[in-house]
Q: 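Can you keep this structure in mind? I'll have questions shortly.
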Amino acid sequence: MNIMRISKYYLFIFLLSTNVILKAQTEFSLDALGRSIFTNNKLEGDSVVNTSSSDKKGVSGYVLFDLGTNLKYKDLLQANAILRAKSPFGAAFGQPTVFQFRQFQLIGKINKNINYEIGDINVELTPYTVFNANETFSTYESDIFKNRRNVVEYENFIFGNVWRLQGAQSRAKFDFEKGIKSIKVYGFGTRTNATNNTNVADRILAGGRVGIVQSDLLQVGANYTGLLDVTVDRVDVEYKSNVLTGDIKFNLDKENFGLVAKYEGGLSSYNFTQKSLKVDSSFNDYFYDGNVTVTIKPAKIKLLGGYKEVGPQFYSPAAQTVRLDPSLNSGLFPTIGTQRTQTLYDRTTQENLYNRSINPVFYNFNPVFGNIDPYGVATPNRRGFSAGLASDTSFKFANFTINYTSQSEIIGEGTTEKRKFVGINGGVVLDIAKLVTAKRVISLTIGGRQEKTTRGGYSSIDFTTNSIDAGLTVEAFKKFDIMVGYKAIKAEGNEYLGSRNVFNQLENFQSIKYDLNQNNYAFGARVRFADKSYLILNYNLSKAAFNNIEGNNYAIKQLFINYTIIF
Amino acid sequence: MKVLTAISVFFFCLGIISCKRTAKDLDILGKEYQAASADFKVLSVVRNRINDGYRLANSNSPLVYNMKFSQEVTWKITITSKATGAYQEFNGFSDTIADYNFKWRGSSAGYRFFSVADTAIINLTVLGREIPVFRDTINIINLPNLSNNNIKGVFHYLVGDFESGGNSFGTPYNDVSDDGSKFIAVLDEISDKVQGLSSFYFAGSDALNPNTYVGGCDTRNLYDLAQKFSKISPDSTYINLYIKGTEKKGTSLLLIVYEQDGETGSSFNLNINDKYQNRVVVDWVGWKLVSIPYSKFTKATSGGGLGNNELESDKISGFSIQLESYPDGGKDVEAYIDYVIFTQGKPFDISIIDKI
């Protein structure tokens, strides 16, 4: 682990010196992303009228330049560093400009079978072991809002469902001629918390996978993740969490139909000791999750079905930590008298709300944005099935999905009665250009989600959320797009929100009533200079109304300009 | 086929070991709760004393209510100080409130203690109702005394509360090679405190002589605590104190405990007695209760301590706190301290006073 402690700056010097020594055999390349963001913001509405303690308008933004330097020595060693210069909008004479390393990686090959990465690494295993789950359903988001989300995700290293961590990882693949096709071995080790060398321990996230490809028909794997403290002498808290799973995938591909069946099952063990309080807390639990996808090729559709059970005390921090922290304050008009509650617009556009670290204790969550799986697929205390229909990739001018989910709690939270969840989500992307055989981009996107939570008894729950996404992108002139988008959420009813203690156990519950509407409108234009370089100018109107408190509504009007070049 | 058989056995085994669920016999996760129905009512309320002036000292009765509700409900009683911001909260699930599920003698949540001559505002809320269903006010005339008291098997000895007239420390001293004009070790009544009217403010600079040591203060004599503690395992003896960190990074407090080994009574000689230390890196902002088992103290690295070299709780005789610029010397450092209390049995927990 000493290597991890070497500062990035020393590693960079090492990289430069390596460049000199190995100059005859090295390849050096550069890539870059330059981006300028500008926003002009205005806050209006009943909530603002009588409040003096909040800003009502302002401009903000930044200019940044990420320079990627890549050094490659034969096929044996590759080093890349992304150097960032970032200047907030309004910086004078470069004073507040920040220079930093955004990324540093060493990538190497031990032999033809084994490679490794050191430094900033992207880690992902399975949805129950290491997985950075999506913060909300946004598959069918309009292009104009998707562009905002892309900026947020780039700034927070959200690339698919990987966690960006610091450490080392290695992959190996061994091919066989008989019995099985290949064995793949993967291992990683990262540090999620640094020791202070006195009473706080290093916390290490480590794990790996052994996967066996028996044939094109059958694959199996075993996965392990551990989040463990490396004890120092006077440490007060010791934390251990182990997750072990096995998965199997059966893949049948025939002329008229295809069948993919997946199963993952496993267990978690959790131990937390706080010596000063003489408390030792341990839990074990398990999960299983199986799903089948049947492709009917002549009809170009897929039928989906699945069943899962995730135990009430199944704890897998690297799969259940959410990427968005609901307790954080939005960077856009953070207060209107008091702290402004995060809205759908904030979650889509504000970079500062996102979390980049693995948290051993569940964050509290806001059920408005997802109550069925608030901690991703691995959300504990859930049992139920799902069914759906989706277009096959051979469907040329449209892709669509529709999914139905019915789940319930395994053990009631705070009451013997159990919550029942019913959800439906889906959407469609219509490539109208292909439909009418036009050469320009004409794309229509419509998506939505409804979740209903119910519970009987004295502490009854009846809570419904509906969200809608819609967008249209039309290439009015060559490489000049007109874009409009709509994004809304409505929540109504009541819920009981539990808080968790340091041992991840539910404690007290709070009764909350919801009656809110959030409507977000955007329209604008995009000029595409090159494949990944563009200028976007759009106008956004975000309206939030909390109807159970009279006069609690406001609107944010925002002009947004994004100039991005990537080469 | 051998491979497939091996794979099947693997999954069968995994399936077997997977069937462990600690919570399998639980009916409910978390504390049970139940909301008030539409026709919920508080049927009766009786307080154990009619007079609003409440004596809460050890020999007096705690605050107790007898209440009857129309149904079982999840309730919360909050007690808030009118003057200091002290706060306490009790939660329950029942159709009655009596001394078996609520009694209060002055405990608080968070760091701030309730004070004598304070007014406490009491609110009862039930789950599902936003407005309190019962309100009350009492005036606190006195509070329990913990020092030199064994409460529910936990012995307490207050070493310093930094109130004028109470137990306190002797004359502070500082590194004479540093800038003495920057050294401050005074009672502080201005900023927030844990208990009473004042805390102890420590500040100084290690810039001129960057050896990490800035200054310190001791109990008035290094034998003041002699024969106060029992002979029990150092694991069960705790040094507790509240420390407030500020934005000045690099502040540490060196806690030093002295033992009388070679002598007894009103004398203390470091050449024949033990001296142990434990360093607290103050890397937080705001007040925090720090509780350290005596077993975590190690032999002092400087300034003597030549006793029998054994941690012995019953021989504890004195205590010092030293301000340091640690781990990096040479910095300006500061911290606040309040309510230094040694306990035997368990770490200090103010909620124990409700159990008197």
Side-chain angles (χ1 to χ4, degrees), chain A residues 179-180 196-200 212 214 218 220 222 233-234 236 244-248 263 265-270 275-278 282-288 311-314 380-381 409-417 457-460 494 496 498-500 505-511 513, chain B residues 1-4 6-8 10-11 13-15 17-37 40 71-74 76 89 91 93 126-130 235-236 238 240 252 278-281 283 289-293 296-298 326-327 346-347 349:
Chain A
I180 57 174
N196 64 359
N197 293 317
T198 51
N199 55 4
V200 176
I212 301 170
Q214 195 270 337
L218 183 66
V220 295
D233 183 39
R234 285 181 286 168
D236 184 42
L244 180 65
T245 80
D247 62 79
I248 187 163
Y263 168 85
L267 68 154
S268 71
S269 73
Y270 164 97
K275 292 179 183 171
S276 61
L277 299 179
K278 296 189 175 173
S282 296
F283 309 101
N284 296 317
D285 215 325
Y286 63 88
F287 79 94
Y288 56 88
Q313 289 174 329
F314 176 76
N381 202 21
E409 291 177 337
I410 298 165
I411 300 176
E413 294 182 350
T415 165
T416 52
E417 298 283 339
Y458 268 115
S459 307
S460 61
N494 75 304
Y496 291 85
S499 57
R500 291 184 184 258
Q505 298 301 289
L506 283 164
E507 281 199 322
N508 296 318
F509 295 86
Q510 187 186 0
S511 172
K513 286 180 180 158
Chain B
M1 288 310 290
K2 281 182 184 172
V3 174
L4 278 177
I7 290 167
S8 305
F10 166 75
F11 279 100
C13 293
L14 191 63
I17 59 170
S18 290
C19 294
K20 282 183 181 175
R21 176 165 290 166
T22 309
K24 69 177 178 199
D25 297 325
L26 290 180
D27 294 326
I28 293 172
L29 283 180
K31 284 184 187 167
E32 186 175 10
Y33 65 86
Q34 186 166 294
S37 62
F40 170 84
Q71 64 163 95
E72 281 196 310
V73 71
T74 295
K76 178 167 78 176
E89 181 179 311
N91 293 280
F93 172 53
V126 294
L127 194 64
R129 298 277 178 92
E130 287 164 14
D235 282 331
S236 298
Y238 296 88
N240 312 275
S252 288
N278 187 299
R279 180 174 283 110
V280 180
V281 178
D283 53 4
L289 172 62
V290 174
S291 296
I292 304 167
K296 295 291 183 187
F297 278 64
T298 56
Y326 181 90
K346 282 185 177 174
D349 179 0

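Chain A is the first sequence line, chain B the second, and so forth, proteins listed ahead of strands; every chain is numbered from 1. What you are looking at is a predicted structure, and each value in this text was computed from that prediction instead of being measured.
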Q: Which pair of heavy atoms, one from B:Leu29 and one from A:Leu506, lies closest together, and at what distance?
A: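 Closest pair (atom of B:Leu29, atom of A:Leu506, distance): CB-CD1, 4.3 Å.
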
Q: Go through A:Ser269, A:Gly498, A:Pro312, A:Gly457 and name the one with the most non-hydrogen pairs under 4.5 angstrom from chain B.
A: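 Counting heavy-atom pairs under 4.5 Å, the top option is A:Pro312.
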
Q: Who among B:Glu32, B:Gln34, B:Glu130 has the most heavy-atom pairs with chain A under 4.5 Å?
A: B:Gln34

Q: Nearest 0.5 angstrom please: B:Ile28 CD1 to A:Thr415 OG1, how far?
A: 6.0 Å

Q: What are the two closest heavy atoms between A:Tyr458 and B:Ser37, and how far apart are they?
A: CE2-CB, 4.1 Å

Q: Show the nearest heavy-atom pair for residues B:Thr22 and A:Asn284, with the distance to one decimal.
A: OG1-N, 2.6 Å

Q: Given a strict heavy-atom distance threshold of 4.5 Å, which part of B:Glu72 is in contact with chain A: side chain, backbone, both, or neither?
A: neither

Q: Considering residues at least two apart in sequence or located in another chain, which fulfil the salt bridge (charged side-chain N to carboxylate O under 4.0 Å, His left out) criterion with A:Glu409?
A: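 Partners of A:Glu409 under the salt bridge (charged side-chain N to carboxylate O under 4.0 Å, His left out) test: A:Arg419.
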
Q: Only counting residues at least two apart or in another chain, list the ones meeting side chain to side chain contact (heavy atoms under 4.5 Å, CB included) with A:Ser460.
A: none

Q: Examine whether an atom of A:Asn508 lies under 4.5 Å from a heavy atom of chain B, and if so say whether it belongs to the side chain, the backbone or both; otherwise answer neither.
A: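 Only the side chain of A:Asn508 comes within 4.5 Å of chain B.
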
Q: Could you grab the distance from atom NZ of B:Lys31 to atom CZ of A:Phe509, nearest 0.5 Å is fine?
A: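 It comes to 10.0 Å.
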
Q: Applying side chain to side chain contact (heavy atoms under 4.5 Å, CB included), run through A:Tyr496 and B:Leu127 and close with a yes or a no.
A: CA-CA 10 Å; A:Tyr496 291 85; B:Leu127 194 64; 3.4 Å; yes

Q: Under 4.5 Å, counting heavy-atom pairs only, tell me which of A:Gln510, A:Gln313, A:Gln505, A:Glu417 racks up the most with chain B.
A: A:Gln313

Q: A:Asn381 versus chain B, heavy atoms under 4.5 Å apart: side chain, backbone, both or neither?
A: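 Contact with chain B: side chain only.
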
